[in-house]
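Here the structure is laid out as structure tokens; the discussion comes afterwards.
As a basis for the values below, the full set of heavy atoms in this structure was taken, side chains included, without hydrogen atoms, waters or symmetry mates.
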Amino acid sequence: MISKQKFLEALEIINEMFPDAHGELNWNTPFQLLVATILSAQATDKGVNKATVALFEHFPTVTSMANAEIVEIEQFTKTIGLYHNKSKSLKKTAEMLLEWGYSNNELPKDKKELQLLPGVGRKTANVVLGEVYGIPGIAVDTHVERVSKRLSLVKQEASVIEVEEKLMKVIPEDKWVSSHHHLIFFGRYHCTAKNPKCNFCPLIVYCNFGQARMKEGIHV
DNA sequence: ATCCCGAGGG
DNA sequence: CCCTCTGGAT
């Protein structure tokens, strides 16, 4: 396992590689970010952004989404994986927000309360609260999990929650949200799932995975 | 542990 | 063709 000190050094290098890492979903209101994030499960941001242009044109608000038929929502989400479940979640989520008295410019600020909404789990709640309200949290998605494991921050079999807890323990709280974005950019554009760029990775000295892979010999 | 499930990339 | 994508609910 990598030491806290070494991991923070590696994280600092990642920060320098992607200084302007940021959320890449398009939205105009907190509700729209929630919608986009629900749609983003096991899907690319690019694909979600393509779909939400028309979706938000037709159903821009909590009320309009709550009043929409599921099949109408599906018309705009069909290009996204898992679209049926997601569309069902969007309508129900809008209905519940309406019942709770939330508008487009306001969402529950409590993580547990947010997670009562269908389609909203731990990761989505962290993303939304961090982006909209700057509430400290680390959303562990596929990228954050992969990078954390390759850098040996946690053992290979660690659960998502264990990864999240370890990251929160190691990273200062005021850097949780920004580090989350940096880790995602690093995972998305450099430490990719398929052909990670170990051959020109500045983190190779910190990375067991990369060193082992280089030793085996990479055929680019 | 398993299901949901389309687009884009390699 | 196969793998991956800012997971969540059962």
Whole angstroms only, please: what is the [atom1]-[atom2] distance between [X] and [N]?
X: A/Asn49; N: B/dG8; atom1: CG; atom2: P; result: 13 Å
X: A/Gln42; N: C/dA9; atom1: CD; atom2: C1'; result: 13 Å
X: A/Asn85; N: B/dG6; atom1: CG; atom2: C1'; result: 13 Å
X: A/Asn195; N: C/dC5; atom1: CG; atom2: C1'; result: 15 Å
X: A/Asp141; N: C/dG8; atom1: CG; atom2: C1'; result: 14 Å
X: A/Phe76; N: B/dG6; atom1: CZ; atom2: P; result: 18 Å
X: A/Glu74; N: B/dC5; atom1: CD; atom2: C1'; result: 12 Å
X: A/Tyr189; N: B/dG10; atom1: OH; atom2: P; result: 13 Å

Counting side-chain heavy atoms from CB outward, which of [options] is closest to [X]?
X: A/Ala193; options: C/dG7, C/dC5, B/dA7; answer: C/dC5
X: A/Arg146; options: B/dG6, C/dC5, C/dG8; answer: C/dC5
X: A/Lys50; options: B/dG6, B/dG8, C/dG7; answer: B/dG8
X: A/Lys194; options: C/dG7, B/dG10, C/dC5; answer: B/dG10

Are [X] and [Y] side-chain neighbours, meaning at least one heavy-atom pair lies under 4.5 Å?
X: A/Phe76; Y: A/Glu57; answer: no
X: A/His182; Y: A/His22; answer: no
X: A/Ser148; Y: A/Lys166; answer: no
X: A/Ile184; Y: A/Phe18; answer: no
X: A/Phe209; Y: A/Cys198; answer: yes

### Query
Taking the inter-plane angle between the rings of A/Phe186 and A/His190 on a 0 to 90° scale, is it parallel (under 30°), tilted (30 to 60°) or perpendicular (over 60°)?
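If you compare the ring of A/Phe186 with that of A/His190, the planes turn out parallel.
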OP1 or OP2 of [N] sitting under 4.0 Å from any side-chain N/O of [X]?
X: A/His143; N: C/dC5; result: yes
X: A/Thr44; N: C/dT4; result: no
X: A/Arg188; N: C/dT4; result: no

Contact class for [X] vs. all strands (heavy atom < 4.0 Å): base, sugar-phosphate, or nothing?
X: A/Leu117; answer: sugar-phosphate
X: A/Lys86; answer: nothing
X: A/Gly121; answer: sugar-phosphate
X: A/Gly119; answer: sugar-phosphate
X: A/Thr37; answer: nothing
X: A/Gly23; answer: base
X: A/Val120; answer: sugar-phosphate
X: A/Ile80; answer: sugar-phosphate
X: A/Lys78; answer: sugar-phosphate

### Message
For A/Lys91, is there an ion pair with A/Glu95 - N to carboxylate O distance below 4.0 angstrom?
### Response
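Answer for the salt bridge query: yes.
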### Query
Toward the 5' end of DNA chain B, which comes first, A/Ala43 or A/Lys46, by nearest nucleotide?
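Here A/Ala43 is the residue nearer the 5' end.
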### Task
For B/dA7 versus C/dG8, give the span between their P atoms, rounded off to a whole number of Å.
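Each nucleotide's P atom is 22 Å from the other's.
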### Query
Where each residue is assigned the nucleotide of DNA chain C containing its nearest heavy atom, which of A/His180 and A/Leu116 is assigned the position nearer the 5′ end?
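It is A/His180 whose nearest nucleotide is closer to the 5' end.
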